[in-house]
There are 2 protein chains.
Amino acid sequence: MKHNNQRKLNTGISVDCVIFGFDLEELKVLLIQRKTAQKAPDSRFSLPGDLIYNDETLDEAAIRVLKELTGLENIYLEQLGAFSALDRLSKIEDKIWLESIREQPNERVITIAYFALVNLNSFHPSPANFATSASWRPIQNVTSLAFDHHEIFESAHQQLKAKLQTQPIGFNLLPDKFTLSQLHKLYEAIVGKELDKRNFRRKMIKLDIVKKLEEKQVGVPHKPSNFYEFNQKNYQKLLKEGFDNFGF
Amino acid sequence: MKHNNQRKLNTGISVDCVIFGFDLEELKVLLIQRKTAQKAPDSRFSLPGDLIYNDETLDEAAIRVLKELTGLENIYLEQLGAFSALDRLSKIEDKIWLESIREQPNERVITIAYFALVNLNSFHPSPANFATSASWRPIQNVTSLAFDHHEIFESAHQQLKAKLQTQPIGFNLLPDKFTLSQLHKLYEAIVGKELDKRNFRRKMIKLDIVKKLEEKQVGVPHKPSNFYEFNQKNYQKLLKEGFDNFGF
DNA sequence: TAGCAAAACGTCTTAATGACACTTAGTAAT
DNA sequence: ATTACTAAGTGTCATTAAGACGTTTTGCTA
């Protein structure tokens, strides 16, 4: 990553981002891969993150990390919380790696985790940073990660699940035009269980946060699905009112 | 506060606690008062907090602050999030005060906020630290606070409201034995609106998180209220199942 | 033109919510 | 002792939401 030399790093505080994406089939996370090969099967993957600068807020730092890595801006981003275990950087494999990238590899760093939701289809990896070192991994395949990143990832996944029950944030993972089947599949992927198709549709339509478009799928070898778009206006209204009953 | 000289402070990270209490009438917050008198009507109040040590986690730091201030342990405590605005310590009145308590008053500090729920009745202020400098303030009276503490307070209040909708955390604010009227009053105080008495009772009883005791109020000039206790076991079960429908 | 595959659609039963008013148990005052 | 006062405690009905379940439709393909 390109660091501006004028700016002063805060060597005790970092941000890490759990970036979720949905490819209309599976829920995925964006992980970066260490340059040096490691023996442990999955520990070479980690969440994208960076130390913060002293002239930026945590939100700004997270936005910067996201931009540098994916080239995306204006994506859904929310603070998850701070992680401060004393041994969070002290796994032996991690230390070796840290020594190659940090000036003070033994300094204590607490990290503030963020979770982000991106629409995988509107996503064009920025070749320089991304293609070589980062990749989308199905969430089922995420077992162990570097540092305390697995704990952070699990915490993010849980929060995503919980939040979906009360707020329609799932739309951030879909393209502007989508079918109800895709939305359905997304919800099933996140909550991790089957949801009745008809009841799901009824609920979404009653909540009035989707608008039916005069456009259908073409070229599919079955009855084409209607496209819908997200109803921003009603969503905002629901956000304010708190919509208690959004559960399944 | 007594600082052990052996330990090394992390001068860039602090914790601040929003401690809620309920005196069976009103919802209150524990605020500390600066030693030096200030002209601004309320800005002399701030949230209890402290820089962290490098050999403690954030949770441990928050527990320490709480213990030092209130003498209480084992109270409900949850991380709220990190606050990192660049100007969060730069109000002029705050700077003067900071200079009197910090070695590097101009260093950037990000703070991790916690919110805590305590039962005001089982609360015995530790005379040394508490009585002189801290006091319970009704939440309506909390207008401006030092630093960015008002923002933190509001965020905590909002989270308390939101969380109450989906988890019965309110019990942490009540004594072991309480009446349904007290519980009712507490909920009204937190969500800030009237709740129908009968519907409220029905819901609590159906959720099966309260257990009726064979004990009544005595000495009240009206029909005495029955005491209840919190049903830990069912609460844990509900926590796991996620209990979608806890709204009003 | 027959077959295929996923989309679209409705009903019924059960459970939860919200609105609403009177009776009861104890204290305090006369 | 009777009366008055105060907050506690209780039930029903109408409306709305949830959960379970199978058949028809549309467009493509062979």
Side-chain angles (χ1 to χ4, degrees), chain A residues 24-25 164-166 168 174 177-189 191 193-229 234 238 241-248, chain B residues 23-26 164-166 168 174-175 177-189 191-229 234 238 241-248:
Chain A
L24 303 183
E25 289 296 328
L164 198 70
Q165 307 284 329
T166 52
L174 288 174
K177 294 173 184 179
F178 53 85
T179 71
L180 287 187
S181 301
Q182 289 166 347
L183 185 61
H184 182 218
K185 209 178 260 179
L186 169 64
Y187 269 68
E188 288 189 330
V191 304
K193 65 181 177 195
E194 280 199 3
L195 303 170
D196 181 85
K197 194 168 36 157
R198 281 164 294 189
N199 295 340
F200 179 81
R201 287 170 162 256
R202 175 176 55 185
K203 180 129 203 174
M204 287 299 152
I205 289 164
K206 185 167 44 56
L207 281 173
D208 198 24
I209 46 176
V210 288
K211 196 160 60 184
K212 193 173 185 173
L213 299 174
E214 293 308 318
E215 193 181 345
K216 294 177 176 189
Q217 282 183 317
V218 287
V220 289
H222 54 75
K223 180 171 179 178
S225 192
N226 219 301
F227 281 113
Y228 286 76
E229 66 178 16
N234 263 44
L238 279 177
E241 290 170 3
F243 48 113
D244 298 330
N245 295 306
F246 201 78
F248 291 99
Chain B
D23 62 2
L24 304 183
E25 288 296 329
E26 264 184 316
L164 198 69
Q165 307 285 330
T166 52
L174 288 173
K177 293 175 185 178
F178 52 86
T179 70
L180 287 187
S181 300
Q182 289 166 349
L183 185 61
H184 182 215
K185 210 179 260 181
L186 169 62
Y187 270 68
E188 289 188 331
V191 304
K193 65 181 178 195
E194 281 198 3
L195 303 171
D196 181 85
K197 190 169 40 157
R198 280 165 295 187
N199 295 341
F200 178 81
R201 287 170 161 256
R202 177 176 54 185
K203 179 127 204 174
M204 287 300 152
I205 289 164
K206 184 167 45 56
L207 282 173
D208 198 24
I209 47 177
V210 288
K211 196 160 63 187
K212 193 173 185 172
L213 299 174
E214 293 308 318
E215 192 180 345
K216 295 177 176 191
Q217 282 183 316
V218 287
V220 289
H222 54 76
K223 182 172 179 179
S225 193
N226 218 301
F227 281 112
Y228 286 77
E229 68 179 13
N234 264 42
L238 278 178
E241 289 169 4
F243 50 111
D244 299 330
N245 295 306
F246 202 78
F248 292 99

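Only a predicted model underlies this, so the values are computations on that prediction, with no experimental measurement involved. Throughout, protein chains are lettered first and strands after them, A, B, ... in sequence-line order, and every chain is numbered starting at 1.
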Is there a donor-acceptor contact under 3.5 Å from the side chain of B/Asn234 to the main chain of B/Asp208?
yes

Rounded interatomic separation in angstrom, taking CZ from B/Phe178 and C1' from D/dA8
16 Å

Basic-acidic side-chain contact under 4.0 Å: A/Glu229, A/Lys211
yes

Quick one: salt bridge (Lys or Arg N to Asp or Glu O under 4.0 Å) partners of B/Asp23, sequence neighbours excluded?
B/Lys28

Rounded to whole Å, how long is the line connecting atom CD of A/Gln217 with atom P of C/dA7?
7 Å

Applying side chain to side chain contact (heavy atoms under 4.5 Å, CB included), run through A/Leu174 and A/Leu24 and close with a yes or a no.
CA-CA 8 Å; A/Leu174 288 174; A/Leu24 303 183; 3.8 Å; yes

C/dA16 P sits how many Å from B/Leu207 CG, rounded?
9 Å

Side chains of A/Leu195 and A/His184: closer than 4.5 Å at any heavy-atom pair?
yes

Between B/Gln217 and B/Ser225, is there a donor-acceptor pair closer than 3.5 Å when you use the side chain of the first and the backbone of the second?
yes

Just need the stems in DNA chain C: three or more back-to-back Watson-Crick or G-U pairs, each with both distances under 3.5 angstrom, sorted by first number.
C:1-30 with D:1-30

Nearest-Å distance, CZ (B/Arg201) to P (D/dA7)?
15 Å

Measure from NZ on A/Lys197 to P on C/dC9 and round the result to the nearest Å.
11 Å

Hey, are A/Glu215 and A/Lys177 close enough for a salt bridge, meaning a charged N less than 4.0 Å from a carboxylate O?
yes

Closer than 4.0 Å, any side-chain N/O of B/Ser225 to the OP1 or OP2 of D/dG9?
yes

Is the distance between the ring centroids of B/Phe200 and B/Tyr187 under 6.0 Å?
yes

5' precedence on DNA chain C between A/Phe227 and B/Asp196 (nearest-nucleotide basis)
A/Phe227

Which sits closer to the 5' end of DNA chain D, B/Leu180 or B/Arg202, going by the nucleotide each is nearest to?
B/Leu180

Can you tell me the distance, in whole Å, between the CE atom of B/Met204 and the P atom of C/dA16?
15 Å

Atom-to-atom span, CZ of B/Phe200 to P of C/dT17 - whole angstrom:
13 Å

Can A/Glu25 and A/Lys185 be counted as an ion pair, charged N to O under 4.0 angstrom?
yes

Starting at the 5' end of DNA chain C and moving along, which residue's nearest nucleotide shows up first, B/Lys206 or B/Arg198?
B/Lys206

Specify the separation, in whole Å, of atom NZ of B/Lys203 and atom P of C/dA19.
14 Å

Any chance you could list the contact pattern along nucleotides 24-30 of chain C? Use B for base contacts, S for sugar-phosphate-only contacts and - for none, protein heavy atoms under 4.0 Å, 5' to 3'.
BBBS---

In terms of side-chain heavy atoms of A/Asn199, which of C/dA19, C/dA7, D/dA20 is nearest?
D/dA20

